[in-house]
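A quick write-up on the structure given underneath.
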Amino acid sequence: MKDHETIEVQRTAQEAQLAGAERQASAPVLSGSFPPQWREGVYQAIFRRRDVRSFRPDPVPHAVLARVLNAAHHAPSVGFMQPWNFTVIANRVTREKVQDLYERERIAAAQFFDEPRRSQYLSFKLAGILDAPLNLCITCDSTKAGPVVLGRNSVPETDVYSTCCAVQNLWLAARAEGLGVGWVSILKLPQLRAILGMPPHVVPVAYLCLGYPEEFLEQPELARAGWRARQPLADIIYYEVWGEHNHPDWPALDRLARVASFTKGASMKRIIDVTRRIQPLDEAAMRLARERHDQLTKPQGSLGRLEELAIKIAGITGLARPRLRNKAIVVLAADHGVAVEGVSAYPQAVTAQMVQNFLGGGAAINVLARRAGARVIVGDLGVATDIASHPELVAKKIRAGTRNIAEGPAMTMQEALVAITAGIEIIEGEIERGLDLVGTGDMGIGNTTASSAIVASITGRPVADVTGHGTGIDDQGWQHKVAVIERALQVNRPDPTDPFDVLVKVGGYEIAGLVGVILGAAAQRIPVIIDGFISGAAALVATELCPAVRDYLIAAHNSVEQGHRIMLAHMDLVPLLNLNLRLGEGTGAAIAMHLVDDAVAVLDEMATFGEAGVSQKPEAQQDVTSLHT
């Protein structure tokens, strides 16, 4: 117990430190900082910069080229030495010579890899020397500023380092102009100098291809191909000394950086604003609810988790005696490209058919929601089949199903942002109608596969530990499903420290939408009952994005899906029920609503000892009296 208490104290201190750092980050910026639009533009250029290999033949306007070169020339340099020169190359004959040099070196470099890495390397298109309308060689001439340069004596290589700053300036300016840049590093420098007529003391730092790209990829090509993943930021930050990843004087900067790294799409500001509105539980309301429970006509604590639940809801709502009259179950539907791998016992067409069933009021969730006095909201975020317009259908289709995660990312970053924003808009619309309690539900053939991939990514548990039988596949089907998920994780390599990366690479549109529902509800102090495995995957992503949202979650039940227990433990949530449910749709959330209703009704309607004229235990009477002295 002592070790557990120590861990809790450390965790509380770290959370408080992190919260303080977040407040500092969101405080008004100092004089001299860029306006918000400018800052957003800088981060957009940084996060959307890509090493481009495929170009359109469109010429680069001279005015655009001049602006980009001028940006490069405004790079910082030690001693203001400005050691760079820019050689612009359009001549086809020259570029063909460089292409020949590149091809020889590319083949030679392949010998350093064993199979199958060698074949994968040779399959990559690593340069667009002839495709791009322009090539550009950025060089370093260490003699330009003379033999003595301020600041270079101790580290002579600072001339090359300064030139690298010019390369980066050019790259970011080019991205802002819509130009692609590709760095060709597989070149022998003496031969390149000879082709370009350079003196031997000049160092070609970067040979670049420059032009308008066929597309800017959502992620670096080598990351998308599974060659190498971006390292988690936490792994490369040391505090005060080399190798120190944790320090009592420092918050976890990688967690704070997640907010900065979100600025990648038009909907991101909306999501950040929502997360910043999620407040800690109201301690005063919880204290009053706890004091009232202790005075009710029963032994203290005798209603167990019902008492805990009522006190938690008081903290969520800010009301010492909350009542939850307006209830809703939000059921979001979407298809999954991974269904083509045969991971489900049912065909993909069932998704659309069940949406029609929801709208007709004939599904299990409709029956259970009616019993709980909750309305059912049905949203189409990505059903593969077009669904006819219906007055009860919230149509927010992003795409006809996600892409196959066994072959690549499920969605783009922009699609994830749109899906989360759609969930926020849905819940905000319901709150305007009147809402005190919301449950989450889902529909989508293949979504247990995506959810297992999310849980394995974030918790680090083996795929076999977090994968169940879904809609009822047999043992052979289960083994195949595990293999498909393992392949998806190998292909996509989601970053476990970046919940957005996990969602984009192996998630689903309805899961992303439920993330928005959860965040949007918590931002307006609405309790959220989480249904089963798929809703749990959305909750897992939401709590990784915004840890404060965990306090607003009520786990409805323990699903038969074995990964559900793992995700609940990861979020430190204890389910209310254990009924061997595995249907989804929000059915468990609807059933749990009865318990939530019971919990707040007892707190509000039950008589106190004083009101009922019932004698208390002497020590209890003394405790109650002391509260008012």
Side-chain angles (χ1 to χ4, degrees), residues 45-46 48-77 81-106 124-144 159-217 220-221:
I46 292 170
R48 291 177 178 270
R49 184 204 59 79
R50 292 290 178 266
D51 192 355
V52 175
R53 283 82 182 269
S54 298
F55 296 85
R56 305 197 309 265
D58 312 54
V60 177
H62 288 167
V64 174
L65 177 61
R67 289 197 295 269
V68 169
L69 292 175
N70 193 33
H73 185 44
H74 278 73
S77 59
M81 70 177 89
Q82 305 161 70
W84 45 73
N85 286 96
F86 311 127
T87 303
V88 184
I89 307 154
N91 184 276
R92 177 80 181 187
V93 174
T94 302
R95 289 188 289 138
E96 286 176 347
K97 292 178 181 178
V98 176
Q99 175 71 20
D100 290 342
L101 175 60
Y102 158 76
E103 280 295 337
R104 292 197 302 271
E105 293 305 316
R106 185 179 74 93
F124 292 145
K125 178 178 171 62
L126 297 177
I129 297 168
L130 299 180
D131 299 343
L134 291 175
N135 290 184
L136 177 68
C137 190
I138 300 182
T139 55
C140 175
D141 183 351
S142 61
T143 67
K144 284 183 66 177
D159 49 11
V160 175
Y161 302 159
S162 298
T163 305
C164 290
C165 294
V167 175
Q168 182 74 322
N169 266 24
L170 180 138
W171 212 326
L172 295 177
R175 182 62 187 89
E177 296 280 2
L179 288 175
V181 176
W183 190 326
V184 185
S185 61
I186 309 174
L187 297 170
K188 289 288 189 183
L189 297 190
Q191 291 90 325
L192 182 61
R193 285 194 190 95
I195 293 171
L196 300 180
M198 293 177 179
H201 71 277
V202 171
V203 179
V205 173
Y207 191 91
L208 306 174
C209 306
L210 187 66
Y212 293 101
E214 292 183 356
E215 65 173 329
F216 284 107
L217 299 175
E221 185 171 341

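For the numbers below, each heavy atom of this structure counts, side chains included, while hydrogens, waters and symmetry mates do not.
With a 4.5 Å cut-off on side-chain heavy atoms, C140 and P83 count as touching. The shortest side-chain heavy-atom distance between E96 and I129 does not fall under the 4.5 Å cut-off. A 4.5 Å side-chain heavy-atom check between T139 and T163 finds every atom pair outside the cut-off. Within the 4.5 Å cutoff, the side chain of Q168 has heavy atoms near those of the R49 side chain. For the pair W84/V205, no side-chain contact is recorded, criterion being any heavy-atom separation below 4.5 Å from C-beta on. In this structure, V167 and W183 have side chains that are in contact, with non-hydrogen atoms separated by less than 4.5 Å.
Screening N70, L179, L136, V88 for a side-chain contact (heavy atoms from CB on, under 4.5 Å) involving L65 leaves a single residue, V88.
Residues P133 and G211 come closest through the heavy atom pair CD-CA, 3.8 Å. Annotation for R92 and L130: closest pair NH1-O, 3.6 Å, computed over non-hydrogen atoms. When all heavy atoms of P213 and V52 are compared, the pair lying nearest together is CB-CG1, 3.6 Å. M198 and C137 make their closest contact through CE-SG, 3.6 Å (heavy atoms, listed as atom of the first residue, atom of the second, distance).
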Practice task
Dump the intermediate steps for side chain to side chain contact (heavy atoms under 4.5 Å, CB included) on K144 and N85, then the final yes or no.
Solution key: CA-CA 10 Å; K144 284 183 66 177; N85 286 96; 3.7 Å; yes
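With sequence neighbours left out, W171 forms a side chain to side chain donor-acceptor pair (under 3.5 Å) with no residue at all.
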